[in-house]
**Student:** 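Once you've had a glance at the structure underneath, I'll fire off some questions.
Keep in mind the model is a prediction, meaning the values are calculated, not measured.
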Amino acid sequence: MKYLPMNVKKIFFSAFLLSIFFGAQAQTPAASESGNEDRSYIADFAQKSPTFGIIEDRQRPLNFLRTETVSGVKNFVFSYTDAPGELYFPRTSEKKYYVIHSASYRSAMDSFSKENFEDAIPLMRDAVYPYVQFLDLPEIQSLSIHADFDKFVDCLVAANKVKEAAALSATVPYSDSGNTVCLAGVKLARMFVANKMFAASDAIISKLPINQNNMELLTAFFDLLGDMRKSGKTREASLWYTKISNMDTPLKTSAKVWMVYCDILLGNINSAKVYLDQLPTVKVEEPKAEAAPAADSSTPATPALPPIPEAAPAASASKPAAEYIKRDDAIFSLIQMVRGIFKENDNKTEEALNLFAEGIVFGDASSDWMTELLYRTGMSYKKLGNFTASNEIFAQLMLFYPNDLFTKKAEKEVVEIKPDAEANK
């Protein structure tokens, strides 16, 4: 909130005070006191009307009646709690709403702050379900609605409430919502992928406004693609990598590398070869020439010529000019892994091993691909008959990445080495 203008900060603070004032008078609905079983709660709150206030009319809370679309514009229809008649506010108006929370809200926030997510979930439901239809309001207009939804999603993910999350997510207007809601949707999609609930994750992905103008969402979505790729959704991930590789974003090169990776796994070798040649290469720096010492003081030294820079290959219709990177660039490690997989598929195990090893040396232990890189390195050693080296690599995986998918695979590849055989090596 420190980045918001001062007048907006005042609005948020006023809304907070009003929510406390009216919340003390509100009663907690029975639905929020229900059990914490993992199921849909949509029906439980179908008749629960959201209660709002408007910043400019702070003493008169509103009851929400319905939505109406007029000339393509969504309108919210309210009534004052103390007077008859109806009020029509277009979604595009500049009205600023605040939620009048129930008495359970303070307890919910206390449980959330203490990371007691199981306790927070039932206490937060009445601050979320009735307000889902308002999530497409601009965030500056609907104070706390988006933040409450995001916190509730964090609780559902932490508690792995996949059934409740799937039912709730199906009602969320992601395509018309702001970043807070869409980023929460990515969190839910990642949970669904982890639980092999691909229909639920696909439903979210189809509604997300993914484009090059929203790097925050695109970066989070890129992490989701990694989860999909690791879960066997290679073809679906490949389609998105292709789209992103054509966007003008910092993720463009990474997307192209992963696109080649997916092509190899899918057996699209010809396509993989074309794009593999377009991946960035390491520019070999010429050593700086040293000036030769002068023969004597009367003979001036010949100045050293500057090194001639390596020229980029000429561009063609099928092969654009190469992009250069340094070995310490994060993407270098991934590119070496992909090149190694290509050699691996050609049964050039030693060449693959050299590329994998270089990827490890210049890579980062926290990289998304490091566990696969280590696993493939171990498998290369094993294929070459060096079981000591392969076992050491697999042991590193088990030590540093105990819960990773490739660690589970590595555990099955450990070879028992007999003492006599080890002594004879």
**Student:** Side-chain contact test, heavy atoms from C-beta onward, threshold under 4.5 Å: evaluate it for Ser206 versus Tyr174 and give yes or no.
**Tutor:**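 No - every pair of side-chain heavy atoms lies 4.5 Å or more apart.
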**Student:** Among Thr234, Asp368, Ile244, find the one that has a side-chain contact (heavy atoms from CB on, under 4.5 Å) with Trp258.
**Tutor:**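 Among Thr234, Asp368, Ile244, the one meeting side-chain contact (heavy atoms from CB on, under 4.5 Å) with Trp258 is Asp368.
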**Student:** Would you say Glu139's side chain and Thr180's backbone share a donor-acceptor pair under 3.5 angstrom?
**Tutor:**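 Side chain of Glu139 to backbone of Thr180, a donor-acceptor pair under 3.5 Å: yes, one is there.
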**Student:** Around atom CD of Glu68, are there more than 12 heavy atoms of other residues, nucleotides or ligands at under 6.0 Å?
**Tutor:**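 Atom CD in Glu68 is crowded, with more than 12 foreign heavy atoms closer than 6.0 Å.
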**Student:** Looking at CG of Asn403 and OG1 of Thr371, how far apart are the two atoms once the value is rounded to the nearest 0.5 Å?
**Tutor:**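 Rounded to the nearest 0.5 Å, the CG-OG1 separation comes out at 11.5 Å.
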**Student:** Under 6.0 Å from the CD atom of Gln47, do we count more than 12 heavy atoms belonging to anything else shown?
**Tutor:**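 Atom CD in Gln47 is not packed in, count stays at 12 or less.
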**Student:** For residues 330-343, which residue pairs pass the salt bridge (Lys or Arg N to Asp or Glu O under 4.0 Å) check, not counting sequence neighbours?
**Tutor:**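 Found Lys343-Glu351.
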**Student:** To check you understand the geometry: which heavy-atom pair defines the closest contact between Val162 and Met197, and what is its length?
**Tutor:**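 Looking at all heavy atoms of both residues, the shortest contact is CB-SD, 3.5 Å.
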**Student:** Can you tell me how far the CZ atom of Phe222 sits from the OG atom of Ser254, to the nearest 0.5 Å?
**Tutor:**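 Separation between the atoms: 5.0 Å.
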**Student:** With side chain to side chain contact (heavy atoms under 4.5 Å, CB included) as the test, would you mind laying out the steps for Ile393 and Lys382 before giving the verdict?
**Tutor:** CA-CA 10 Å; Ile393 295 290; Lys382 185 176 181 180; over 6 Å; no
**Student:** When you measure from the side chain of Asp38 to the backbone N and O of Glu164, does any donor-acceptor pair fall under 3.5 Å?
**Tutor:**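 The answer is yes, because a donor-acceptor pair under 3.5 Å joins these two groups.
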**Student:** Keeping Asn214 on the side-chain end and Leu217 on the backbone end, is there a donor-acceptor pair under 3.5 Å?
**Tutor:**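 A pair under 3.5 Å: yes.
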**Student:** Find out whether Phe89 and Asn75 are in side-chain contact, i.e. whether some heavy atom of one side chain is under 4.5 Å from a heavy atom of the other.
**Tutor:**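 Not in contact.
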**Student:** What closest approach, in Å, do Lys196 and Ser231 show between heavy atoms, and which atom pair accounts for it?
**Tutor:**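 Closest approach of Lys196 to Ser231: NZ-O, 3.5 Å.
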**Student:** With rounding to the nearest 0.5 Å, note down the distance linking CG in Asn354 to OG1 in Thr377.
**Tutor:**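 So the CG of Asn354 and the OG1 of Thr377 are separated by 10.5 Å.
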**Student:** Run Asp136 and Lys74 through salt bridge (Lys or Arg N to Asp or Glu O under 4.0 Å) and show every step you take.
**Tutor:** CA-CA 10 Å; Asp136 58 352; Lys74 182 177 180 180; 3.2 Å; yes
**Student:** Is it the case that more than 12 heavy atoms not belonging to Tyr381 sit under 6.0 Å from its OH atom?
**Tutor:**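 Result for OH/Tyr381: open.
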**Student:** Checking side-chain polar atoms at under 3.5 Å, does Tyr105 have a donor or acceptor matched by the opposite partner on Asp148?
**Tutor:**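 Judged by distance alone, the side chains do pair up.
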**Student:** What distance do Asp277 atom CG and Lys273 atom NZ have between them, rounded to the nearest 0.5 Å?
**Tutor:**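 Here the rounded value is 9.5 Å.
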**Student:** Looking at Tyr275, I want to see if its OH is surrounded by more than 12 non-hydrogen atoms of other residues, nucleotides or ligands under 6.0 Å.
**Tutor:**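 Open.
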**Student:** Atom NZ of residue position Lys408 - does it have more than 12 heavy atoms of other residues, nucleotides or ligands inside 6.0 Å?
**Tutor:**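 More than 12 heavy atoms, drawn from other residues, nucleotides or ligands, come within 6.0 Å of this atom.
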**Student:** Short question: side chain of Ser113, backbone of Asp110 - any donor-acceptor pair under 3.5 Å?
**Tutor:**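 Checked: pair present.
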**Student:** Can you name the closest pair of heavy atoms from Ala365 and Tyr401 and give their distance?
**Tutor:**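 Taking every non-hydrogen atom into account, O-OH, 2.6 Å.
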**Student:** Less than 3.5 Å apart, any donor N or O on the side chain of Thr67 or Gln133 sitting next to an acceptor on the other?
**Tutor:**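 No.
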**Student:** Between Phe221 and Trp240, what is the ring plane arrangement, given parallel below 30°, perpendicular above 60°, and tilted in between?
**Tutor:**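 Perpendicular, since the angle between the ring planes exceeds 60°.
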**Student:** Taking C-beta and beyond as the side chain, do Ile325 and Thr253 meet within less than 4.5 Å on heavy atoms?
**Tutor:**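 No - every pair of side-chain heavy atoms lies 4.5 Å or more apart.
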**Student:** So, are Glu372 and Lys409 salt-bridged, with charged N and O less than 4.0 Å apart?
**Tutor:**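 Salt bridge flag = no for Lys409 with Glu372.
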**Student:** Rounded to the nearest 0.5 Å, what's the gap from OG on Ser238 to CZ on Arg229? Could you check?
**Tutor:**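 Here the interatomic distance stands at 11.0 Å.
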**Student:** Under 3.5 Å, is there a donor-acceptor pair between the side chain of Ser201 and the main chain of Phe198?
**Tutor:**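 Present.
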**Student:** Between the side chain of Asn268 and the main-chain N/O of Ser271, is any donor-acceptor distance below 3.5 Å?
**Tutor:**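 No.
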**Student:** If you count heavy atoms of other groups shown closer than 6.0 angstrom to CZ of Arg66, is the number above 12?
**Tutor:**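 Enclosed.
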**Student:** Classify the angle between the aromatic ring planes of Phe112 and Phe117 as parallel (below 30°), tilted (30 to 60°) or perpendicular (above 60°).
**Tutor:**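 Phe112 vs Phe117 ring planes: perpendicular.
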**Student:** Only one of Ile360, Ile341, Leu355 clears side-chain contact (heavy atoms from CB on, under 4.5 Å) with Leu373; which?
**Tutor:**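 Going through the options one by one, the only one that passes is Ile360.
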**Student:** Looking at Lys252 and Asp248, is there a salt bridge between them, counting it only when a charged N and a carboxylate O are closer than 4.0 Å?
**Tutor:**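 No, no charged N to carboxylate O under 4.0 Å.
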**Student:** Does the side chain of Leu251 reach to within under 4.5 Å of the side chain of Met215, using non-hydrogen atoms?
**Tutor:**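 Of all side-chain heavy-atom pairs linking Met215 with Leu251, at least one is under 4.5 Å.
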**Student:** Could you tell me how the ring of Phe45 sits relative to the ring of Tyr129: parallel (under 30°), tilted (30 to 60°) or perpendicular (over 60°)?
**Tutor:**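 Phe45 and Tyr129: parallel rings.
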**Student:** Does any part of the side chain of Leu62, heavy atoms only, come nearer than 4.5 Å to the side chain of Thr81, both counted from C-beta?
**Tutor:**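 Sidechains of Leu62 and Thr81: no contact.
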**Student:** Main chain of Leu123, side chain of Ser104: is a donor-acceptor contact present, judged purely on distance under 3.5 Å?
**Tutor:**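 Yes; judged by distance alone, with no hydrogens or angles, the pair exists.
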**Student:** Look only at the side chain of Asp346 and the backbone of Lys348, and say whether a donor-acceptor pair between them is shorter than 3.5 Å.
**Tutor:**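 No, the answer is negative, given that no donor and acceptor are paired below the 3.5 Å cut-off.
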**Student:** Can you list the steps and then say if Leu279 with Lys256 is a side chain to side chain contact (heavy atoms under 4.5 Å, CB included)?
**Tutor:** CA-CA 8 Å; Leu279 295 183; Lys256 184 176 288 187; 3.9 Å; yes
**Student:** Does any part of the side chain of Phe149, heavy atoms only, come nearer than 4.5 Å to the side chain of Leu168, both counted from C-beta?
**Tutor:**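 In short, these two side chains touch, coming nearer than 4.5 Å.
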**Student:** Heavy atoms only: give me the nearest Ala120-Cys155 pair and the separation to one decimal.
**Tutor:**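 That closest heavy-atom pairing would be CB-SG, 4.0 Å.
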**Student:** In the structure I gave you, are the side-chain heavy atoms of Trp369 and Tyr261 within less than 4.5 Å of one another anywhere?
**Tutor:**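 No, side chains not in contact.
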**Student:** Given side chain to side chain contact (heavy atoms under 4.5 Å, CB included), test Tyr375 with Asp404 step by step and report yes or no.
**Tutor:** CA-CA 11 Å; Tyr375 173 76; Asp404 191 84; over 6 Å; no
**Student:** Check Lys163 with Glu37, please: is the shortest side-chain N to carboxylate O separation under 4.0 Å?
**Tutor:**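 Answer for the salt bridge query: no.
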**Student:** Before accepting this row, confirm whether a basic side-chain N of the pair Asp44/Arg125 lies closer than 4.0 Å to the acidic partner's carboxylate O.
**Tutor:**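 Salt bridge: no.
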**Student:** What I'd like to find out is whether the side chain of Leu334 reaches to under 4.5 Å of the side chain of Ser367, using heavy atoms alone.
**Tutor:**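 Leu334 does not reach Ser367 side chain to side chain.
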**Student:** Evaluate the side chain to side chain contact (heavy atoms under 4.5 Å, CB included) criterion for residues His146 and Phe134: first the C-alpha distance (whole Å), next the side-chain angles of each, then the deciding distance (0.1 Å), finally the verdict.
**Tutor:** CA-CA 9 Å; His146 306 90; Phe134 297 92; over 6 Å; no
**Student:** Tell me whether Glu236 is salt-bridged to Lys233, with the criterion being a basic N under 4.0 Å from an acidic carboxylate O.
**Tutor:**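 Salt bridge between Glu236 and Lys233, a charged N being under 4.0 Å from a carboxylate O: yes.
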